[in-house]
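In this text the structure is predicted, and so the values were computed from the model without any measurement. In the text below, chain A, chain B and the rest are named by the order of the sequence lines, each starting its count at 1.
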Number of protein chains: 2
Amino acid sequence: MVVGELSEADADSIFHALADATRRDIIARVIRKEESVSALAQHYPMSFAAVQKHVAVLERASLIAKRRRGREQIVHPDMAALRRAARLLDAYEEVWRHRVARIEQILAEDQEGKAEL
Amino acid sequence: MVVGELSEADADSIFHALADATRRDIIARVIRKEESVSALAQHYPMSFAAVQKHVAVLERASLIAKRRRGREQIVHPDMAALRRAARLLDAYEEVWRHRVARIEQILAEDQEGKAEL
DNA sequence: CTAACGTACAACCACATGGTTGTAGGAGAA
DNA sequence: TTCTCCTACAACCATGTGGTTGTACGTTAG
């Protein structure tokens, strides 16, 4: 099931990157305000290195990017990638909505296997 | 970042379940047409037990459910859960879209740190 | 009843993940 | 320069993941 302009591997890495509360929070945080890796690290009850790894996972999924500012690495969202990801999510939702629509249609027309589901 | 009516743990399991091409394909497949676990297994180059595990992951995330029909277990999408998941995805998209809107606003008004991003 | 089918589950393996600590290097600050 | 801060990265550990095979059990078909 290839959806939109993202490969299956892209989808894999995006969903995997999103499958962790800390990483979702990092995304939300840098969307609100760009922060350095160490500034980000201070918000979480784990080591700097651990946060660094989470950032790397998000970076591999192209959901965020880093920009150097002096000795700091400023983490910021990758807007283009985020839009692509959003459209990927949209596409799945679309399939589901259509199916929901189709089911209502089927329930209205078809007579076998009704009731349950 | 709590979004909608799903807990962080719910989001974890949903995104994790979606982070595998085989599992995404299973969802797409049962949305199109309900199938037994062994029928599903025949579509993939792996053992029945492996597919069974993928189904279990999707089931834990409440994206699908099973219904017994004779000696078969029919896998079908859990529409309510799929809608909740879609809304969760929507919510993330919303945050991103708003941020995108805000950025255009900022670029139009603000004058420091323009150019990049 | 018996045989075949669909499922469930346990044991096992290789590998990735999420965390730790420690070491090292580059850039600013003093 | 020298010290300090931020970052990068390696090594290590425990646990989880995705796959395998094998065994057991309920259900349907002959």
Side-chain angles (χ1 to χ4, degrees), chain A residues 1 8-30 33-76 78 113, chain B residues 1 8-30 33-76 78 116:
Chain A
M1 184 193 186
E8 290 289 336
D10 290 336
D12 282 2
S13 61
I14 289 171
F15 283 124
H16 170 252
L18 291 172
D20 180 285
T22 300
R23 288 196 288 265
R24 289 193 300 275
D25 193 75
I26 288 175
I27 293 180
R29 214 174 267 277
V30 301
K33 180 177 180 299
E34 300 185 351
E35 278 183 88
S36 70
V37 180
S38 53
L40 279 173
Q42 290 176 329
H43 301 304
Y44 307 101
M46 65 185 74
S47 69
F48 168 80
V51 173
Q52 211 176 12
K53 281 193 187 180
H54 282 303
V55 169
V57 170
L58 290 167
E59 206 176 2
R60 257 185 278 133
S62 294
L63 293 174
I64 62 166
K66 287 184 291 189
R67 176 171 20 98
R68 191 165 271 291
R69 189 178 65 190
R71 59 184 164 185
E72 294 177 327
Q73 286 277 26
I74 305 300
V75 177
H76 62 93
D78 180 327
Chain B
M1 186 191 187
E8 290 290 335
D10 291 335
D12 282 3
S13 62
I14 289 171
F15 284 123
H16 171 251
L18 291 172
D20 181 285
T22 300
R23 288 195 291 265
R24 288 193 301 275
D25 193 74
I26 289 175
I27 293 180
R29 214 173 268 276
V30 300
K33 177 173 181 302
E34 302 185 350
E35 279 183 87
S36 70
V37 180
S38 52
L40 279 174
Q42 290 176 327
H43 301 303
Y44 308 101
M46 66 185 74
S47 68
F48 167 80
V51 173
Q52 212 177 11
K53 281 192 187 181
H54 283 303
V55 168
V57 169
L58 290 167
E59 206 176 2
R60 258 184 276 132
S62 293
L63 292 174
I64 62 165
K66 288 184 292 190
R67 178 172 17 101
R68 190 166 271 290
R69 189 178 65 191
R71 59 184 164 187
E72 294 177 328
Q73 287 277 25
I74 306 300
V75 176
H76 61 94
D78 180 327
E116 63 232 328

Who are the salt bridge (charged side-chain N to carboxylate O under 4.0 Å, His left out) partners of [X], not counting sequence neighbours?
X        : answer
Arg68(A) : none
Glu35(A) : none
Asp12(B) : Arg24(A)

For [X], give me all partners under side-chain hydrogen bond (donor to acceptor under 3.5 Å, both in side chains), at least two apart in sequence or on another chain.
X        : result
His16(B) : none
Asp78(A) : none
Ser47(A) : none

Q. How close or far is atom C1' of dC13(D) from atom CE of Met46(A), stated in whole angstroms?
A.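 Computing the Met46(A):CE to dC13(D):C1' distance gives 17 Å.
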Q. His54(B) has an atom NE2; how far is it from atom P of dG16(D), in whole Å?
A.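 After rounding, the reported distance stands at 18 Å.
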Q) Side-chain contact, heavy-atom cut-off 4.5 Å: Gln73(A) with Val55(A)? A)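 They are not in contact (no side-chain heavy atoms under 4.5 Å apart), so the answer is no.
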Q: Look at the side-chain N and O atoms of Arg23(A) and state whether any lies under 4.0 Å from the OP1 or OP2 oxygen of dG18(C).
A: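 Yes, because at least one side-chain N or O of Arg23(A) sits under 4.0 Å from OP1 or OP2 of dG18(C).
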(Q) When you measure from the side-chain N and O atoms of Ser47(B) to the phosphate of dG19(D), is any distance below 4.0 Å, counting only OP1 and OP2? (A)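 The answer is no; no side-chain N or O of Ser47(B) sits under 4.0 Å from OP1 or OP2.
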Q) Under a 4.0 Å heavy-atom cut-off, which of residues 57-64 of chain B touch DNA chain C? A)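 Within residues 57-64 of chain B, no residue comes under 4.0 Å of DNA chain C.
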Q: Give the B/S/- string for nucleotides 4-10 of chain C, one per nucleotide from 5' to 3', where a protein heavy atom under 4.0 Å of the base yields B, of only the sugar-phosphate yields S, and otherwise -.
A: BBSBBB-
**Q.** salt bridge (charged side-chain N to carboxylate O under 4.0 Å, His left out) partners of residues 38-63 of chain A, not counting sequence neighbours, each pair once
**A.**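 Salt bridge (charged side-chain N to carboxylate O under 4.0 Å, His left out) check on residues 38-63 of chain A returns Glu59(A)-Lys66(A).
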